[in-house]
Amino acid sequence: MSRKIKYLFRLIFNIFRTSILKLISLGKFKSPMFLLASPRSEFRLEENGSILIEDNLNMEANSLIYAFGGDIYIGSAFVNRNCLIVSRKQICIGRRVTIGPNVCIYDHDHDLKNESLGDHFISKRICIDDDVWIGANAVILKGVHIGKGAVIAAGAVVVSDVPAATIAKGVPAKLAKKYR
């Protein structure tokens with residue numbers, strides 16, 4: 001299939017998908033009419049969760065945006081294949097954010113002090129500012145704020161804040177250098 005036909009198919013498919021999601025979710029899913037989300041990507045809403053997509057979202061195959069009781073706000077982003085964005089509290093993603101393949105963003109952890117591992121979670125807000133680039137296989141955990149223009153290296157596990165215009169790498173992620 002040619003590139004133009006695939007692009008057109010994605011647009012038409014997402015017009016129907018967003019219309020149905022908006023209708024079923026009773027206003028908890030908001031997005032522009034034209035998304036470039038792969039037909040093999042998925043949006044899920046549970047409990048009191050909501051998803052708000054402000055501008056453009058290009059989402060590749062096998063990616064999941066899951067509002068599991070939390071809120072997800074996306075300004076405009078490119079989400080590569082096999083990504084997971086799961087919220088129990090709040091995840092805010094700014095404009096022009098590029099997310100590499102196999103990235104996981106979770107705003108919660110299991111509460112290990114609780115004896116039953118059922119639905120006991122510790123949740124904290126995640127904020128990713130504008131113009132951030134997140135490399136392949138990175139993991140971003142609860143309570144993190146990533147500043148404007150920051151770069152998260154491939155394979156990094158981010159457990160603490162990353163200032164603007166800084167490169168973070170490693171497990172756990174450490175600040176490598178400021179590039180501006």
Side-chain angles (χ1 to χ4, degrees), residues 36-38 40-44 46 49-115 117-180:
L36 281 176
S38 167
R40 293 183 300 173
S41 62
E42 190 175 348
F43 298 96
R44 250 191 244 167
E46 283 192 28
S50 68
I51 298 173
L52 170 62
I53 301 166
E54 191 71 36
D55 198 4
N56 297 327
L57 175 66
N58 188 342
M59 194 161 95
E60 293 299 317
N62 303 321
S63 291
L64 169 66
I65 295 178
Y66 188 14
F68 189 64
D71 301 320
I72 298 174
Y73 167 82
I74 300 173
S76 64
F78 173 77
V79 179
N80 214 318
R81 63 190 175 282
N82 304 321
C83 290
L84 291 172
I85 300 172
V86 183
S87 175
R88 290 192 71 77
K89 186 167 185 132
Q90 187 179 45
I91 297 175
C92 295
I93 298 174
R95 296 185 177 280
R96 298 171 306 280
V97 174
T98 302
I99 301 173
N102 307 310
V103 169
C104 297
I105 301 173
Y106 296 102
D107 70 352
H108 60 280
D109 275 331
H110 287 280
D111 183 3
L112 297 177
K113 292 178 183 173
N114 197 320
E115 296 196 12
L117 289 178
D119 280 344
H120 303 284
F121 296 95
I122 299 171
S123 301
K124 291 182 183 172
R125 178 178 192 259
I126 292 176
C127 183
I128 301 171
D129 289 346
D130 298 344
D131 303 310
V132 171
W133 177 41
I134 303 170
N137 301 307
V139 178
I140 298 174
L141 299 176
K142 70 180 188 303
V144 170
H145 179 247
I146 299 175
K148 183 176 182 173
V151 175
I152 308 301
V157 177
V158 182
V159 295
S160 60
D161 293 352
V162 177
T166 303
I167 299 172
K169 64 181 184 176
V171 178
K174 295 193 177 9
L175 305 179
K177 64 179 179 177
K178 203 156 178 80
Y179 65 89
R180 284 189 212 169

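Only a predicted model underlies this, so the values are computations on that prediction, with no experimental measurement involved.
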Once you measure the plane-to-plane angle for His108 and Phe121, does it fall in the parallel (<30°), tilted (30-60°) or perpendicular (>60°) bin? perpendicular

For the side chain of Lys89 and the backbone of Ile122, is there at least one donor-acceptor N/O pair under 3.5 Å apart? no

Would the distance check show the side chain of Ser76 and the main-chain N or O of Arg96 forming a donor-acceptor pair, the cut-off being under 3.5 Å? yes

Spacing of [atom1] belonging to [X] relative to [atom2] belonging to [Y], to within rounding of 0.5 Å:
X: Ile126; Y: His145; atom1: CD1; atom2: NE2; result: 11.5 Å
X: Leu36; Y: Asn58; atom1: CG; atom2: CG; result: 5.0 Å
X: Ser41; Y: Asn62; atom1: OG; atom2: CG; result: 8.5 Å
X: Asn80; Y: Met59; atom1: CG; atom2: CE; result: 11.5 Å
X: Tyr73; Y: Leu52; atom1: OH; atom2: CG; result: 6.5 Å

Could you tell me whether the side chains of Asp107 and Ser123 share a donor-acceptor contact shorter than 3.5 Å? no

If we ignore angles and hydrogens, is there a donor and acceptor under 3.5 Å between the side chains of Glu46 and Tyr66? yes

Checking side chain to side chain contact (heavy atoms under 4.5 Å, CB included) between [X] and each of [options], which is the one that passes?
X: Ile128; options: Ile134, Ile152, Val144; answer: Ile134
X: Ile65; options: Leu84, Ile53, Val86, Leu57; answer: Leu57
X: Ile140; options: Ile85, Val162, Ile91, Val158; answer: Val158

How far apart are the closest heavy atoms of [X] and [Y], and which atoms are they?
X: Arg95; Y: Asp130; value: N-OD1, 2.8 Å
X: Leu64; Y: Arg44; value: CD1-NE, 4.1 Å
X: Ala61; Y: Arg40; value: CB-NH2, 3.5 Å
X: Ala173; Y: Ala156; value: CB-CB, 4.2 Å
X: Ala77; Y: Ile93; value: CB-CG2, 4.4 Å
X: Ala153; Y: Ala138; value: O-CB, 4.1 Å

Could you please spell out the steps behind the side chain to side chain contact (heavy atoms under 4.5 Å, CB included) verdict for Asp129 and Ile146? CA-CA 6 Å; Asp129 289 346; Ile146 299 175; over 6 Å; no

A side-chain contact here means heavy atoms from C-beta on lying under 4.5 Å apart; do Ile105 and Ile99 qualify? yes

Would you say that Val103 contacts Cys83 through its side chain, given a criterion of any heavy-atom pair below 4.5 Å between the two side chains? yes

Salt-bridged, Asp109 to Lys142, with N to O below 4.0 Å? yes

For Arg81, I'd like to know if atom CZ has over 12 heavy atoms of other residues, nucleotides or ligands within 6.0 Å. no

